[in-house]
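Report on the following structure.
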Number of protein chains: 2
Amino acid sequence: MDTYYINILRQHNLKATPQRIAISQALDKNGHLSIEELYEKLKQKFSSLSLATIYKNIHIMIENAFVTEVKIPEQKTVYELTKEAHSHLACSKCGYVEDIAVDLSEVIMEAKSKSAYEIEKLNLVFTGICPKCKA
Amino acid sequence: MDTYYINILRQHNLKATPQRIAISQALDKNGHLSIEELYEKLKQKFSSLSLATIYKNIHIMIENAFVTEVKIPEQKTVYELTKEAHSHLACSKCGYVEDIAVDLSEVIMEAKSKSAYEIEKLNLVFTGICPKCKA
DNA sequence: CTGACTGCAAACGTTTTGCACGGTA
DNA sequence: TACCGTGCAAAACGTTTGCAGTCAG
């Protein structure tokens, strides 16, 4: 139901336009999408959809902590709805990206003790072959 | 001495042109540079230097495992001379990037046991404030 | 001497911008 | 109704390509 997305959009100070609802839904259902994939998917619903609208919305959604950008080595950048901190697994064959939760507390402690930086966050991406591509 | 860079370039099957020597040296001395930073630095030595030359060389150097691309969340991509696997620390204020070695064997084991992917490598970037920016 | 590299200019793809119109709250 | 969001077209970027001349090996 759209009400669900309307509410979470409003909770993030975003007006609930049909395009934004569709973006939220697409990211929610697909997990991780690139700008181009988002555009292709939504173009089916809104034939007049403009790429500029996708760009503008993704950026405003990132600013409002509603969406998070995920940069993957040697692949296109993808976007996801913001969740608790987690890591990512990316398939080097097909590009599919999924979430993975690993315990990083030790790693963070080690990094803090070894460096003079005031560490705020960390970003971990595993790359490999997904089950589908292995088969 | 240039001989040093000439040799490592040749070891990577790359002809040792003055531009390539300068790129190697700049990356070696500065650690991590973006395309633009590289261009600005080398432009001083080679006033006729073309951006296209930087792009072409960086790519051929990546293909020959001489240079590695480092993608940093919300920052410009930087390049470094290829070394053993290591992680990175990036300053969210000034953009400065440095290497850090942390033990990731446990994390890798955990990821392998939790996922059906055939994990090949991992990429870890810490973001925070560097000592200079803290002061 | 030959093939590879450079610099230039043009082409390309992606992202951003300005503006008039339309829709949300 | 007032303001914000949308779509369009153009502009601005960053990156790539083709080509003629030059250089490394």
Side-chain angles (χ1 to χ4, degrees), chain A residues 2-26 33-64 66-67 69-72 74-79 95, chain B residues 2-26 33-64 66-67 69-72 74-79 95:
Chain A
D2 281 1
T3 329
Y4 175 66
Y5 298 105
I6 296 176
N7 286 335
I8 53 175
L9 280 166
R10 294 207 182 132
Q11 282 162 28
H12 289 268
N13 309 308
L14 296 163
K15 275 196 182 178
T17 66
Q19 292 85 343
R20 286 179 182 169
I21 295 168
I23 291 173
S24 314
Q25 194 173 32
L33 294 173
S34 66
I35 293 285
E36 205 189 322
E37 287 166 341
L38 251 181
Y39 180 62
E40 292 309 327
K41 277 198 193 299
L42 303 198
K43 188 87 183 175
Q44 293 167 18
K45 267 190 191 154
F46 304 91
S47 52
S48 71
L49 180 69
S50 162
L51 247 182
T53 299
I54 302 277
Y55 279 107
K56 286 169 184 167
N57 278 322
I58 284 293
H59 288 142
I60 201 176
M61 286 169 161
I62 289 173
E63 277 162 28
N64 292 55
F66 179 63
V67 162
E69 187 177 67
V70 184
K71 283 191 183 179
I72 313 280
E74 39 241 31
Q75 289 186 205
K76 262 182 284 186
T77 296
V78 295
Y79 300 86
Chain B
D2 281 1
T3 328
Y4 174 67
Y5 298 106
I6 295 176
N7 286 336
I8 54 175
L9 279 165
R10 292 207 183 132
Q11 281 162 29
H12 289 269
N13 309 309
L14 296 164
K15 276 197 181 179
T17 66
Q19 293 83 345
R20 285 181 184 167
I21 294 168
I23 291 173
S24 314
Q25 194 173 32
L33 294 173
S34 66
I35 294 286
E36 207 189 319
E37 287 166 340
L38 251 181
Y39 181 63
E40 292 308 327
K41 276 195 194 301
L42 304 198
K43 190 86 184 176
Q44 294 167 16
K45 267 190 192 153
F46 304 91
S47 52
S48 71
L49 180 70
S50 163
L51 246 182
T53 299
I54 303 276
Y55 280 109
K56 286 169 184 165
N57 279 321
I58 283 293
H59 288 141
I60 202 176
M61 286 168 161
I62 289 173
E63 277 162 28
N64 291 55
F66 179 63
V67 161
E69 186 177 69
V70 184
K71 283 191 184 180
I72 312 279
E74 39 242 28
Q75 290 184 203
K76 263 183 283 187
T77 297
V78 295
Y79 300 87

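Per chain, numbering begins at 1; letters A, B, ... match sequence-line order.
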Proximity to DNA chain D (any heavy atom under 4.0 Å), residues of residues 13-23 of chain A only
Lys15(A), Thr17(A), Gln19(A), Arg20(A)
With a 4.0 Å heavy-atom cut-off, tell me which residues in residues 37-50 of chain B come close to DNA chain D, sorted by residue number.
none
With heavy-atom distances below 4.5 Å as the criterion, would you say the side chains of Lys41(A) and Leu38(A) are in contact?
no
[atom1]/[X] to [atom2]/[Y] distance, rounded to the nearest 0.5 angstrom?
{"X": "Phe66(A)", "Y": "Asn13(A)", "atom1": "CZ", "atom2": "CG", "answer": "11.5 Å"}
{"X": "Leu49(A)", "Y": "Gln44(A)", "atom1": "CG", "atom2": "CD", "answer": "11.0 Å"}
{"X": "Thr77(B)", "Y": "Leu33(B)", "atom1": "OG1", "atom2": "CG", "answer": "13.0 Å"}

Does the side chain of Gln19(B) pick up a donor-acceptor pair with the side chain of Lys56(B) at under 3.5 Å?
no
side-chain contact (heavy atoms from CB on, under 4.5 Å) with Tyr79(A): which of Glu37(A), Glu69(A), Met61(A)?
Glu69(A)
Could you tell me the separation between the [atom1] atom of [X] and the [atom2] atom of [N], rounded to a whole number of Å?
{"X": "Glu63(A)", "N": "dT16(C)", "atom1": "CD", "atom2": "P", "answer": "11 Å"}
{"X": "Leu51(A)", "N": "dT6(D)", "atom1": "CG", "atom2": "P", "answer": "13 Å"}
{"X": "Asn57(A)", "N": "dG7(D)", "atom1": "CG", "atom2": "C1'", "answer": "12 Å"}
{"X": "Leu9(B)", "N": "dA4(C)", "atom1": "CG", "atom2": "P", "answer": "17 Å"}

Is it the case that the base of dG14(D) and the side chain of Lys76(B) share a donor-acceptor contact (distance under 3.5 Å, atom types as modelled)?
no
From dA25(C), dG18(C), dC8(C), nucleotide with atom closest to Lys56(A) side chain
dG18(C)
Look only at the side chain of Lys15(A) and the backbone of Arg20(A), and say whether a donor-acceptor pair between them is shorter than 3.5 Å.
no
So, Lys71(A) side chain and Gln75(B) main chain: donor-acceptor pair closer than 3.5 Å or not?
yes
Does His59(B) put a side-chain nitrogen or oxygen below 4.0 Å from OP1 or OP2 of dT15(D)?
no
DNA chain D nearest-nucleotide lookup for Ile60(A) and Ala52(A): closer to the 5′ end is Ile60(A)
